[in-house]
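Encoded as structure tokens, the structure appears first; notes follow it.
Quantities reported herein were computed from a predicted structural model and do not represent experimental measurements. Residue numbering restarts at 1 for every chain, and letters A, B, ... go by the order of the sequence lines.
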Amino acid sequence: MPELPEVETIKNNLQEILPLRIKELELRREDILRCQDYALKELAGQSIEEASRRGKYLILAVNNGLFLVFHLGMSGRLYIQEEENTILEPHVHVIIHLDKRLKLLYQDARRFGGLWLLKDIDSFFSRLGKEPLSEEFCPPYLEQVLQGRQTAIKNLLLNQNLISGLGNIYADEALFMAGIRPDRQAASLSVREIEGLCCGIKEVLTKSIKYRGTTFRDYRDGKRQPGEFQNHLQVYGRFNQACPNCGQPLKRTRIGGRSSHYCEKCQH
DNA sequence: CGCTAGTCCTGTCTGC
DNA sequence: TGCAGACAGGACTAGC
């Protein structure tokens with residue numbers, strides 16, 4: 001499940017080899033296109049100049065002002081392959097044929113993800129919350145976000161319109177690092193706890209990027225390599241295993257329809 | 001407006 | 001061995 005660190009890793013992989021010229025965008029499934037502001041033909045002969053990321057979205061900027069925006073959903077993969085490699089895996093929905101004998105493939109079994117062909121990305125991203133690794137994401141911002149909210153803190157961390165890029169894995173990890181139970185009422189957090197949570201969010205994301213993301217099953221980076229942060233997770237997916245802090249078996253519960261992992265003793 | 005539950009989707013796992 | 005059902009969840013939407 002590609003969250004911020006996974007998309008950041010893919011972005012870094014692609015940025016290394018840009019610019020690349022587009023020969024043709026081959027759309028193998030129409031319904032993977034979520035929005036189309038321009039014709040596919042307009043991409044032919046143009047150059048992908050820059051890869052960037054906003055929240056969990058990966059953005060490819062084309063030299064004539066067009067954008068390709070991918071969201072990988074649950075099972076999406078975006079990776080580079082050599083053009084002469086003709087082995088076609090199942091669920092490859094988009095193939096972007098490039099120069100330098102390369103192609104960029106979008107593969108997504110569950111199809112929760114998609115591709116947006118946009119001319120204006122500012123309005124597209126205007127609803128997204130602040131980037132958790134930016135300077136403007138700070139305790140006062142988090143405090144403002146939590147103010148008056150009755151829902152569980154975990155639900156707010158997953159709301160992309162408030163904080164962009166956190167998913168189920170890193171929300172659980174950040175709450176563990178901050179010593180806060182995922183079902184705590186958001187508005188009940190003290191200033192000190194908010195500071196700890198802000199710090200925990202930044203720390204877990206930074207560390208995961210360093211390990212090139214978390215591969216539970218589906219995730220692969222832009223070179224089709226799995227990440228390594230799954231070996232450093234403290235609570236996510238570790239139900240009934242020992243808490244790395246106190247040794248007590250970790251708990252699992254459901255919050256907002258999502259599985260949530262925490263330590264009863266270390267989180268309050 | 002805030003929040004919950006349902007929806008989309010398919011590979012993988014569990015139980016009979 | 002095979003099949004049915006549960007489960008995973010990001011983002012959106014309907015409804016209370």
Side-chain angles (χ1 to χ4, degrees), chain A residues 1-10 28-35 53-59 69-78 88-94 106-116 118 121 123-132 144-175 182-189 201 205 208 213-220 226-227 229-230 233 235-240 250-262:
Chain A
M1 14 192 138
E3 307 178 27
L4 187 154
E6 290 74 31
V7 181
E8 180 75 13
T9 301
I10 297 171
R28 306 186 73 245
R29 250 197 102 105
E30 291 285 334
D31 61 5
I32 217 71
L33 257 195
R34 300 306 178 84
C35 177
R53 180 194 58 74
R54 179 77 174 90
K56 301 176 192 172
Y57 291 89
L58 189 130
I59 306 159
V69 177
F70 288 92
H71 192 294
L72 305 184
M74 279 288 292
S75 55
R77 294 173 175 174
L78 195 60
L88 192 58
E89 297 251 329
H91 311 298
V92 171
H93 309 308
V94 181
Y106 179 66
Q107 179 183 30
D108 188 356
R110 267 161 275 187
R111 302 208 306 279
F112 276 24
L115 169 60
W116 288 254
L118 303 175
I121 52 168
S123 63
F124 183 73
F125 290 123
S126 64
R127 285 175 58 190
L128 277 189
K130 291 199 189 301
E131 282 290 325
Q144 178 202 317
V145 160
L146 306 191
Q147 202 169 32
R149 299 292 199 125
Q150 305 302 303
T151 194
I153 180 65
K154 168 89 180 267
N155 285 333
L156 288 197
L157 296 185
L158 294 177
N159 185 336
Q160 301 300 301
N161 298 325
L162 302 175
I163 305 167
S164 58
L166 279 186
N168 206 33
I169 296 174
Y170 300 112
D172 279 4
E173 292 296 311
L175 285 164
D183 57 358
R184 268 282 293 284
Q185 185 195 68
S188 77
L189 267 64
I201 289 168
L205 293 175
S208 180
T214 302
T215 297
F216 252 82
R217 181 174 300 149
D218 295 316
Y219 170 69
R220 295 294 182 277
F229 194 65
Q230 64 276 10
L233 293 173
V235 288
Y236 184 86
R238 301 190 65 243
F239 170 59
N240 257 346
L250 293 169
K251 299 282 179 186
R252 182 174 61 195
T253 185
R254 283 194 94 75
I255 298 167
R258 313 246 168 81
S259 65
S260 301
H261 312 72
Y262 67 101

Problem set entry | Separation between CD of A:Glu3 and OG of A:Ser164, rounded to the nearest 0.5 Å | 12.5 Å
Exercise. NA contact type, A:Tyr236, heavy-atom cut-off 4.0 Å: base, sugar-phosphate, or nothing?
Worked result: sugar-phosphate
For this session: At the 4.0 Å heavy-atom cut-off to chain A, mark where contacts on DNA chain C begin and end, going 5' to 3'.
Result: C:dA8 to C:dA11
Problem set entry | Modelled atom types, side-chain donor and acceptor of A:Tyr262 and A:Thr253, under 3.5 Å | no
Exercise. A:Glu131 versus A:Arg53: any side-chain heavy-atom pair under 4.5 Å?
Worked result: yes
Exercise. Taking only residues two or more places apart in sequence or in another chain, which ones pass side-chain contact (heavy atoms from CB on, under 4.5 Å) with A:Tyr57?
Worked result: A:Val69, A:His71, A:Trp116, A:Phe124, A:Phe125, A:Leu128
Problem set entry | Flag side-chain contact, heavy atom, 4.5 Å: A:Ile10 against A:Leu72 | yes
Exercise. Just how far is it from atom CG of A:Leu166 to atom CD1 of A:Ile201, taken to the nearest 0.5 Å?
Worked result: 5.5 Å
Exercise. When all nucleic acid strands are considered with a 4.0 Å heavy-atom cut-off, which category describes A:Ser75: base, sugar-phosphate, or nothing?
Worked result: nothing
Exercise. Looking only at heavy atoms, which two atoms of A:Arg127 and A:Asn161 are closest? And how far apart?
Worked result: O-OD1, 3.3 Å
Seminar exercise, completed: d(A:Leu205 CG, A:Glu173 CD) to nearest 0.5 Å is 10.5 Å
For this session: Kindly write out the residues that satisfy side-chain contact (heavy atoms from CB on, under 4.5 Å) with A:Arg258, not counting sequence neighbours, or none if the list is empty.
Result: A:Leu158, A:Asn168
Exercise. More 5' along DNA chain B: A:Arg149 or A:Arg217, using each one's nearest nucleotide?
Worked result: A:Arg149
For this session: Pick base, sugar-phosphate or nothing for A:Arg258, based on heavy-atom distances below 4.0 Å to the nucleic acid.
Result: base
For this session: Under 4.0 Å from any heavy atom of chain A: name the first and the last nucleotide of DNA chain B that qualifies, 5' to 3'.
Result: B:dC3 to B:dT12
Problem set entry | Over all atoms of both residues, closest heavy-atom pair of A:Asp218 and A:Ser75 | OD2-CB, 3.7 Å
Problem set entry | Interface with DNA chain C, restricted to residues 153-171 of chain A and to heavy atoms under 4.0 Å | A:Gln160, A:Asn168
For this session: Look at all strands and tell whether A:Arg254 reaches a base, only sugar-phosphate, or nothing, counting heavy atoms closer than 4.0 Å.
Result: sugar-phosphate
For this session: Answer with base, sugar-phosphate or nothing: what part of the nucleic acid does A:Met1 contact at a heavy-atom distance below 4.0 Å?
Result: sugar-phosphate
Exercise. If each of A:Arg127 and A:Arg252 is mapped to the nucleotide of DNA chain C with the nearest heavy atom, which maps nearer the 5' terminus, i.e. the 5' end?
Worked result: A:Arg252
Exercise. How far does the helix from B:dG2-C:dC16 to B:dC16-C:dG2 bend, going by the axes of its first and last five pairs, to the nearest 10°?
Worked result: 50°
Problem set entry | Among A:Phe239, A:Tyr236, A:Tyr170, the one residue meeting ring-ring contact (aromatic ring centres under 6.0 Å, His included) with A:His261 | A:Tyr236
Seminar exercise, completed: In A:Thr151, A:Leu189, A:Leu162, the residue satisfying side-chain contact (heavy atoms from CB on, under 4.5 Å) with A:Leu146 is A:Leu189
For this session: With rounding to the nearest 0.5 Å, note down the distance linking CZ in A:Arg28 to NE2 in A:His93.
Result: 9.0 Å
